[in-house]
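Right, one structure below, let's go through it.
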Amino acid sequence: MRLSKLFGKTQREIPAEADTASHQLMLRAGMIRQVAAGVYAYLPLAWRVLKKIENIIREEIDRVGGQELMLSTLQPFELWQKSGRDQAFGQSLFTLLDRRERKLALGPTHEEVITELVKYNVQSYRDLPLLLYQIQTKFRDEPRPRGGLIRVREFDMMDLYSFDADEAGLGESYHKMLEVYRNIYARCDLPTVMVEADSGAIGGKESHEFMLTTEGGEDEIVHCPDCTYAANADKAENNKGMVGGGEPLPLAEVSTPGVVSIEEVSNFLKVPPSHTLKAVFYIADGRLTFVIIRGDLDVNEVKLKNILGGIDLRMATEAEVTAAGIVPGAASPVLKIDIGDPTRAKANLALWCSRGIKIIADDSVTLGTNFIAGGNKPGIHLKNVNYPGDFMADVVADIARACAGDKCLRCGGKLQSSRGVEVGHIFKLGTFLSEKLGATFVDQSGVSYPIIMGCYGIGVGRLLAAAIEQNHDSKGIIWPSSIAPYQIYLCPLYLENPRVAEIAEKLYADFTVQHLGVLFDDRIESPGVKFNDADLLGIPLRVTISPRTLEKNSVEVKRRSEKASHLIPLNDMFNGLEELI
RNA sequence: CGGGGUGUAGCGCAGUUGGUUUAGCGCGCAGCGUUUGGGACGCUGAGGCCGGAGGUUCAAAUCCUCUCACCCCGACCA
């Protein structure tokens with residue numbers, strides 16, 4: 001390709017709209033152009049890279065027997081109602097009405113459509129297992145698109161769906177895909193970390209994410225340096241440890257004038273935060289929910305949401321808490337403190353229940369004794385609060401946020417945290433979709449069962465962006481050669497010099513014939529401009545021709561990723577380049 | 001949806017307080033000339049409904065009202 005003809009110009013100044021490295025560089029390199037919020041046009045350079053990534057994905061999936069197909073973007077809205085996932089996706093689902101007022105959705109993913117398709121093409125266990133995939137544009141009306149291609153509303157995505165007859169089969173498919181994913185990222189030269197993940201709106205049980213670690217990443221990863229444990233912070237668990245003071249003692253009120261926060265309680269009564277209980281209030285699907293957790297921990301809202309099975313969750317305002325007759329800053333589940341009454345804990349729970357308030361406790365409240373908690377009166381706290389003697393909860397579960405510095409649940413090591421971009425996510429879906437949509441098969445004995453499903457996604461555009469996040473310097477992009485739009489940047493200086501022009505044209509023709517993937521900077525520009533554009537575009541190998549190199553019958557060759565350059569004799573071009581590519 | 005911010009040429013910006021006549025600057029773009037191994041220089045030139053609508057006024061990029069778009073933080077979300 002001749003640079004003078006390439007559609008898309010490089011830009012010297014950083015566009016004001018971008019503040020993510022990959023976003024800035026793609027705009028400056030003339031790779032993308034924003035069409036609307038979270039909607040982009042992909043210019044030839046970007047499109048070439050996307051196709052390279054797509055092809056690596058295709059090759060690796062085809063190798064294990066996956067079959068590519070093409071599904072519709074327009075999907076009947078009823079299909080989403082049938083699966084119930086119209087609720088899970090909510091506002092993120094783009095919908096529209098056709099001329100007959102029939103509601104359609106722009107596919108945010110294709111599980112429903114493919115399950116319908118499989119339903120009509122699979123009847124027997126003999127048709128299974130099956131690995132079907134597609135690489136298509138998907139649509140999600142994200143609340144806030146951001147970071148260029150990191151989070152967009154219209155995006156290129158590979159989705160593979162597995163269909164199996166039993167759990168063991170699903171396990172095999174899952175494992176197979178896990179290996180495929182590792183191979184794909186390895187071939188793209190993009191090191192990723194596999195972490196345990198929350199399955200979110202997609203649903204299902206087991207799921208793993210593949211994270212490309214980079215400082216600007218929008219996800220937090222918690223991992224243990226001493227064992228293999230790694231998880232998304234949404235899902236990560238920690239060892240909370242036992243705290244507190246031995247045998248349960250009798251409840252007692254203590255005066256705590258003006259003391260509200262955990263920090264204040266801790267200072268005032270001279271106890272560590274881990275010896276206190278923190279009350280937090282949420283509105284879950286419109287209902288006030290009381291969450292109780294040990295004072296040294298914070299609530300992980302994703303875990304809480306999963307426990308509640310709720311769709312809409314937010315913190316309650318102080319007004320909402322007060323309106324429910326609760327004293328903010330002194331709330332606890334202990335309303336009735338009659339210490340002689342062995343049924344007081346049950347009575348407390350019944351009191352809350354009668355007020356229509358559900359109590360969710362983090363399991364940390366069971367990991368210790370004699371806590372300080374609110375007295376449900378201003379300026380009063382309780383000491384020696386114990387579970388389950390003094391209070392109980394509707395649900396006790398792990399709803400705590402694991403943080404860097406916490407102990408690893410598996411090995412006791414010290415957890416660390418880092419940031420990453422999610423570039424792949426695999427899920428064991430199970431049968432909830434096939435049951436709802438009636439996708440069944442008959443086994444050997446002629447009995448009908450729902451097909452067991454898995455799904456496996458890679459955001460191709462996001463992978464492109466993440467690749468740049470991970471591979472750039474102050475001058476520009478540094479493409480891994482496996483996904484680079486071109487391999488060679490042919491860079492003649494002083495093109496008006498006939499000898500330079502002659503050699504440049506000859507090399508361009510030679511490289512083209514050899515299918516090396518060459519971008520020929522045939523512009524009459526100063527060396528500075530050419531070198532800077534070469535660095536910005538990040539093509540792995542720069543081949544410079546100038547009167548100076550031709551004096552030595554050579555060209556200069558430099559890798560984008562390295563500082564040093566060296567001369568290769570013209571008559572040994574082939575061998576010289578062979579070594580470098 | 002809450003909070004903050006920005007809309008003036010392809011890109012980056014000034015001008016808005018304090019009303020004007022031809023709306024500026026840099027980059028980029030076109031032509032000519034001089035240059036040339038890390039974003040050269042000179043001259044000439046093209047390019048604008050100042051986000052949109054309405055209003056005030058002799059006069060609006062500038063003041064008022066309403067709207068739209070985009071960015072950032074949060075909520076939310078692969």
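Numbered from 1 within each chain, the chains take letters A, B, ... in sequence-line order.
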*What closest approach, in Å, do A/Ala29 and A/Leu45 show between heavy atoms, and which atom pair accounts for it?*
O-CD1, 3.8 Å

*asked:* Taking B/U20 as the reference, what is the distance to B/G74 when you measure between their C1' atoms (whole Å, please)?
replied: 45 Å

_Whole-Å distance separating the CG atom of A/Asp533 from the P atom of B/G39_ = 13 Å

_Inter-nucleotide C1' distance (B/G52, B/A60), Å rounded_ = 16 Å

*asked:* If I take atom CG in residue A/Leu93 and atom C1' in nucleotide B/C77, what distance separates them, rounded to the nearest angstrom?
replied: 13 Å

*Atom CZ of A/Arg560 to atom C1' of B/G38: distance rounded to whole Å?*
12 Å

*Under a 3.5 Å limit for both distances, which nucleotide forms a Watson-Crick or G-U wobble pair with B/G33, could you say?*
B/C41

*In Watson-Crick or G-U wobble terms, both distances under 3.5 Å, what is the partner of B/G48?*
none

*In whole angstrom, give the distance that lies between atom CD1 of A/Ile14 and atom P of B/C72.*
15 Å

*asked:* Return the pairing partner of B/U16 with a 3.5 Å limit on both distances, Watson-Crick or G-U wobble; otherwise return none.
replied: none

*Given B/C70, B/A78, B/C77, which nucleotide is nearest the side-chain atoms of A/Val152?*
B/A78

*Strictly below 4.0 Å, heavy-atom distances to any atom of RNA chain B: list the hits from residues 488-497 of chain A, or just say none.*
A/Leu493, A/Tyr494, A/Glu496

*Do A/Glu112 and A/Ser83 come within less than 4.5 Å of each other through their side chains, counting heavy atoms only?*
yes

*Can you figure out which of B/G39, B/A78, B/C71 approaches the side chain of A/Arg28 most closely?*
B/G39

*Please state whether the base of B/C77 and the side chain of A/Arg151 form at least one donor-acceptor pair under 3.5 Å?*
yes

*B/A69 pairs with, by Watson-Crick or G-U criteria that keep both distances under 3.5 Å*: B/U6

*Taking CG from A/Asp86 and P from B/C77, how many angstroms apart are they, rounded to a whole number?*
15 Å

*Does the side chain of A/Ser526 get closer than 4.0 angstrom to OP1 or OP2 of B/A40 through an N or O atom?*
yes

*Could you please name the option among B/G38, B/C13, B/A40 that lies closest to any side-chain atom of A/Arg542?*
B/G38

_Interatomic distance at P, B/C49 relative to B/A23, whole Å_ = 13 Å

*Look at A/Gln34 and B/C71 and indicate whether a side-chain polar atom (N or O) is within less than 4.0 Å of OP1 or OP2.*
yes

*Starting at the 5' end of nucleotides 23-31 of chain B, put B wherever the base has a protein heavy atom under 4.0 Å, S where only the sugar-phosphate does, and a dash everywhere else.*
---BSS---

*asked:* In whole Å, I'd like the distance from the CZ atom of A/Arg146 to the P atom of B/C77.
replied: 12 Å

*Does atom CD of A/Glu68 have more than 12 heavy-atom neighbours, drawn from other residues, nucleotides or ligands, at distances under 6.0 Å?*
yes

*Should we count CZ of A/Arg523 as having more than 12 external heavy atoms under 6.0 Å?*
yes

_A/Glu154 CD to B/A78 P, straight-line distance once rounded to whole Å_ = 19 Å

*Let me know the distance between CE of A/Met157 and P of B/C77, rounded to the nearest Å.*
16 Å

*Are A/Lys138 and A/Phe155 in a cation-pi contact, defined as NZ or CZ under 6.0 Å from the six-membered ring centre and within 45° of the axis?*
no

*Tell me which of A/Lys558 and A/His23 sits closer to the 5' end of RNA chain B, going by the nucleotide each one is nearest to.*
A/Lys558

*Phosphate oxygens OP1/OP2 of B/C72: is one of them under 4.0 Å from a side-chain N or O of A/Arg144?*
yes

*Heavy-atom neighbours of A/Glu17 CD exceed 12 at 6.0 Å*: yes

